[in-house]
Q: 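The structure is given below, and queries will be raised subsequently.
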Amino acid sequence: MTVYDYKLIENKWQKKWEATEIYKFDKEDIENKLYCLEMFSYPSGANLHVGHWYNYGLTDSWARMKRMQGYNVFHPQGFDAFGLPAENYAIKTGIHPKDSTYKNIETMENQLKSMGATFDWDYEVVTCNPEYYKWTQWIFLKLYENGLAYRKNAPVNWCPSCKTVLANEQVIDGSCERCKDVVTKRDLTQWFFKITEYAQELLDFLPQIDWPEKTKKIQNNWIGRSEGAEIEFNIDGSDLCFKVFTTRADTLYGVTYMVLAPESELVDKITCSEYQEKVNEYKEISQKQSDIERMSTVREKTGVFTGAYAINPVNGEKIPIWIADYVLANYGTGCVMAVPGHDERDFEFAMKYNLPIKRVIKGDASAEDQLPFTEYGQLVDSMDFSGQSSDDAKNNIVEKLKQQKKGELKVNFRLRDWLVSRQRYWGTPIPMIHCEKCGIVPVPEKDLPVELPYNVEFTPDGESPLAKSEEFSNVTCPKCGEKAKRDPDTLDTFVCSSWYFLRYPDNRNESEVFNKEWINKMLPVDKYVGGAEHAALHLLYARFFTKALRDMGYLDFDEPFLSLVHQGTILGPDGNRMSKSKGNTISPDTYINEYGSDVFRLYLAFGFAYTEGGPWNDDGIKAIAKFSNRIERIVEKFMSEKVNSGKSTLENEEKELNFVRHTAIKGVTEDAEKFQFNTSVARLMELVNALYKYDAIENKNLQVLEGTIKDLLLLLAPFAPHFAEEMWEQMGYNYSIFNQKWPQFDPNALVLDTVEIVIQINGKVKDKMEVPLDLAKNDVEKMALGNTRILQIIEDKKVVKVIFVPNKLMNIVVK
RNA sequence: GCCGAAGUGGUGGAAUUGGCAGACGCGCUGGACUCAAAAUCCAGUGUUGGUAACAACGUGCGGGUUCAAGUCCCGCCUUCGGCACCA
């Protein structure tokens with residue numbers, strides 16, 4: 001027996017596929033287009049890891065199936081090539097990020113090709129190419145023109161170790177996502193994208209898209225819509241007034257003090273001179289605090305009195321104004337009304353500083369004075385509103401305030417605008433110029449791209465590396481022609497990845513970002529596959545970009561990704577996340593060398609529930625090698641016997657084989673569609689087992705055998721593409737198996753003459769009977785009661801009820 | 001604290017949505033082939049008791065609904081994700 005030489009075979013078919021351009025996307029056949037996309041990867045130095053294979057290999061299987069089902073599959077690939085790792089690597093080794101990145105890309109391209117995937121490399125996109133980031137910059141300019149990009153001086157997250165500003169999303173539990181160092185605050189002028197403008201729409205479209213419910217929930221929480229009211233308070237003895245946001249307008253009569261965030265601009269305006277020193281001191285302390293300290297919920301609340309008083313608009317009460325850092329400056333108005341009787345945080349604060357506590361909602365009397373009552377209930381001590389329910393009072397109180405122009409219903413979102421400036425080198429330069437005379441001046445479109453200079457000192461010292469490059473920095477103002485400076489920052493890499501899927505179909509376009517008519521045909525993406533870790537960031541930003549570009553008139557669809565799948569994570573054999581430091585990494589290369597790409601892909605398909613993932617395990621892969629050997633043997637045996645055997649009819653055996661054959665067609669088609677690859681492979685194994693059984697019969701029908709082997713190979717092809725192509729050739733069929741039609745199951749083959757019916761007594765299985773299909777209840781009952789075993793059990797008991805499920809089960813209830 | 005998801009043999013994992021729990025594999029046991037081994041093939045394999053037929057138990061725990069529950073309802077436990085002073 002010949003042993004399948006996978007290296008030779010894989011090489012042979014990869015070359016042939018490339019030479020015959022079999023996976024090239026057909027631009028003419030747009031009606032059948034199907035855009036299948038995996039999240040592109042970061043070009044890191046090492047070879048592909050198991051996660052890449054799991055994501056790309058198996059999504060490729062899905063794409064191959066779709067192709068065989070007649071779709072014109074658009075399956076591009078590219079690289080998310082800007083970012084910190086290359087820069088950090090450069091700082092460590094002295095190798096320039098550009099050099100290491102392009103070298104890594106080359107390695108990864110070759111590896112991806114050796115996987116045997118259907119990627120059409122003609123459409124490749126690399127985000128660090130000037131041809132690409134020219135358009136990233138262009139989009140920035142458009143966002144700026146439309147008021148969706150703006151500059152703001154704001155306290156930002158500062159990582160002292162990376163020496164850079166971080167987005168909220170890059171701060172995990174108060175620490176830097178990358179280096180785990182504690183993040184502190186710093187005031188800088190930064191560029192923001194106004195994603196909050198789209199908060200409501202980003203929320204509204206979630207129900208319509210075919211995404212995992214969990215992911216939608218995460219986005220839902222992240223956007224954090226909250227319905228409440230904005231209420232205006234006057235300041236006692238002054239013309240000044242300020243607004244607060246509250247979800248509990250019903251507790252307005254219980255307000256006993258007000259709190260401003262220490263960063264609030266109002267603080268200095270209202271603070272009385274005798275309190276100024278204390279207030280300044282407090283502001284300074286809270287400014288210095290790191291997020292990890294400030295966010296800690298165990299920490300005792302602190303604050304200081306400003307000396308000023310506000311007037312409660314509903315009852316004219318004079319209430320003290322404090323500042324405290326438990327109030328966030330960038331949510332709502334940065335000021336809150338404190339109701340210690342009905343809010344835990346306010347209660348804690350009031351207890352500490354001996355502020356009055358008023359109860360205005362009837363709650364549990366016994367718990368009073370010890371705990372705040374935070375539920376809804378009936379109002380008390382609230383003048384005209386006493387006796388109303390919280391729900392009613394909320395509206396009625398705001399209605400009353402509205403008449404006095406002191407309040408209105410208001411929706412707030414937890415979502416913050418997206419901070420995109422990075423004080424880093426290896427990224428897309430921000431196409432803006434700062435002129436002393438003209439202020440902020442956008443780089444004219446004709447001057448794009450603003451190229452990233454090669455020779456730059458990028459060791460981090462807190463200053464943007466680009467600011468240190470004279471050649472880059474110094475520029476003449478496009479408006480007045482005077483000397484000016486370029487913006488020294490680069491864009492967050494999430495900006496690059498927020499629109500790459502829009503560039504793929506038109507990646508060579510030099511005159512526009514993409515052709516509108518064309519991408520309206522090509523998009524949205526039909527199937528998007530990638531890690532769940534991007535649920536809140538990339539996937540939200542990409543949605544925002546799509547909507548913004550739509551409103552600016554560059555495309556016509558609302559959502560970028562119609563259907564989304566997250567692959568699970570393959571863990572180390574010890575059940576932990578793979579990491580070099582834990583020494584539990586699995587290198588695919590070891591297995592590829594021993595078994596080849598197909599067996600490795602098949603094992604990934606079979607060994608895990610795709611969306612779950614799980615710990616790596618060696619044992620399974622040998623079983624897959626065995627399985628593919630079994631297929632090879634049956635093909636060989638068939639070819640050697642083909643010549644000298646006749647044809648006979650063995651109806652029952654044929655029927656049995658046919659049943660398994662069509663069960664497999666149906667099962668693989670339906671399960672692989674849902675990314676349930678493990679059960680798809682299980683159906684193929686069943687089919688192979690049935691083939692062996694049938695093959696062992698003396699008078700087998702060779703035509704039936706051949707037809708079944710043919711279907712087996714077709715069903716196997718997406719999962720083991722090189723192997724299936726090779727077997728296809730050995731069967732004497734024409735190239736290529738991937739140009740064949742996907743098999744259809746025959747419903748008749750799934751209908752058997754007889755079925756097994758389970759006989760239960762009181763819900764417990766007592767016997768099984770083989771009966772003709774669709775046998776009526778009466779007949780089954782007669783048979784069951786004619787069964788001595790059943791008779792014995794029910795002997796002296798009374799039959800109360802008989803439940804019958806056709807072709808499945810009969811339950812006899814006895815007493 | 002809040003919001004999600006999950007918990008099934010020794011093991012990876014199935015189960016058409018209320019109808020035979022454990023498909024398909026791995027592992028294990030026995031057998032065939034072999035001088036022998038590997039490979040391959042065949043049979044068995046949830047647990048407990050029994051020589052056996054069979055019986056009882058069994059999908060994290062405790063209740064419930066139902067002729068029938070891994071699946072539905074109520075109350076817990078554990079693990080993993082997400083958010084976290086958002087007023």
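Note on naming: letters A, B, ... go to the chains in the order of the sequence lines (proteins, then strands), and numbering restarts at 1 for each one. Treat the numbers as computed from the prediction; the structure is a model and nothing was measured.
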Q: Would you say the side chain of A:Asp619 and the base of B:C26 hold a donor-acceptor pair, judged only by whether the two atoms sit under 3.5 Å apart?
A: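 Per atom types, no contact qualifies.
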Q: Quickly, which of A:Trp616, A:Tyr610, A:Phe677 forms a ring pair (Phe, Tyr, Trp, His ring centres under 6.0 Å) with A:Tyr54? Name it, please.
A: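 Only one option passes, and that is A:Tyr610.
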Q: What about A:Trp322 and A:Phe349, are their ring centers closer than 6.0 Å?
A: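 Ring centroids of A:Trp322 and A:Phe349 are less than 6.0 Å from each other.
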Q: Find the distance A:Glu213:CD to B:C3:P and express it as a whole number of Å.
A: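 It is 17 Å, rounded to the nearest whole Å.
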Q: Do any side-chain nitrogens or oxygens of A:Ser226 fall under 4.0 Å of OP1 or OP2 in B:A87?
A: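 Yes, because at least one side-chain N or O of A:Ser226 sits under 4.0 Å from OP1 or OP2 of B:A87.
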Q: Is the centre of the A:Phe192 ring less than 6.0 Å from the centre of the A:Trp418 ring?
A: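 No, too far apart.
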Q: Side-chain N or O of A:Asn220 versus OP1/OP2 of B:C83: is the shortest distance under 4.0 Å?
A: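 No, A:Asn220 has no side-chain N/O under 4.0 Å of OP1/OP2 on B:C83.
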Q: Respond yes when some side-chain nitrogen or oxygen of A:Lys622 is under 4.0 Å from OP1 or OP2 of B:G27, and no when none is.
A: no
Q: Does a side chain donor of either A:Thr611 or A:His566 reach within less than 3.5 Å of an acceptor in the other side chain?
A: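 No.
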Q: Name the closest nucleotide to the A:Arg630 side chain, picking from B:C41, B:C24, B:G13.
A: B:C41
Q: So which pairs with a foot in residues 757-767 of chain A pass side-chain hydrogen bond (donor to acceptor under 3.5 Å, both in side chains), sequence neighbours left out?
A: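 Every side-chain hydrogen bond (donor to acceptor under 3.5 Å, both in side chains) pair that includes a residue of residues 757-767 of chain A, provided the two are not neighbours, is A:Asp767-A:Asn787.
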Q: Should A:Tyr326 be listed as having a side-chain N or O under 4.0 Å from OP1 or OP2 of B:A87?
A: no
Q: Quick one: is B:C2 close enough that its OP1 or OP2 comes under 4.0 Å of any side-chain N or O from A:Asn221?
A: no
Q: Pairing of RNA chain B as dot-bracket, 5' to 3': ( ) intra-strand, [ ] crossing, | other strand, . unpaired, with Watson-Crick or G-U pairs under 3.5 Å?
A: (((((((..(((......[....)))((((((.......))))))((((....))))..(((((..]....))))))))))))....
Q: In this structure, how many angstroms lie between the C1' atom of B:A87 and the CD atom of A:Glu230, rounded?
A: 12 Å
Q: Should B:U17 be called syn or anti, with syn set as within 90° of 0?
A: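 Base orientation: syn.
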Q: Please determine if a side-chain N or O atom of A:Lys801 lies less than 4.0 Å away from the OP1 or OP2 oxygen of B:U66.
A: no
Q: Which nucleotide in the set B:G13, B:U40, B:G19 lies at the smallest distance from any side-chain heavy atom of A:Val805?
A: B:G19
Q: What is the distance from CG of A:Asn762 to P of B:A68, rounded to the nearest Å?
A: 8 Å
Q: Looking at the angle O4'-C1'-N9-C4 for a purine or O4'-C1'-N1-C2 for a pyrimidine, is B:G49 syn or anti, with syn meaning within 90° of 0?
A: anti
Q: Compute both the distance and the angle, then confirm whether A:Arg630 meets the cation-pi test with A:Tyr692: under 6.0 Å from the six-membered ring centre, within 45 degrees of the axis.
A: yes
Q: Determine: side-chain N/O of A:Arg683 to OP1/OP2 of B:A14, distance under 4.0 Å, yes or no.
A: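 So the side chain of A:Arg683 is outside the cut-off, no N or O lying under 4.0 Å from OP1 or OP2 of B:A14.
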Q: Please work out which of the three classes, parallel, tilted or perpendicular, describes the rings of A:Tyr591 and A:Tyr595, given edges at 30° and 60°.
A: parallel
Q: Name the closest nucleotide to the A:Gln676 side chain, picking from B:G25, B:A15, B:U40.
A: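 Of all the options, the side chain of A:Gln676 is nearest to B:A15.
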Q: I need the NZ-P distance between A:Lys217 and B:G4, as an integer number of Å.
A: 5 Å
Q: Please state whether the base of B:C20 and the side chain of A:Lys808 form at least one donor-acceptor pair under 3.5 Å?
A: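 Under the 3.5 Å cut-off, the side chain and the base do not form any donor-acceptor pair.
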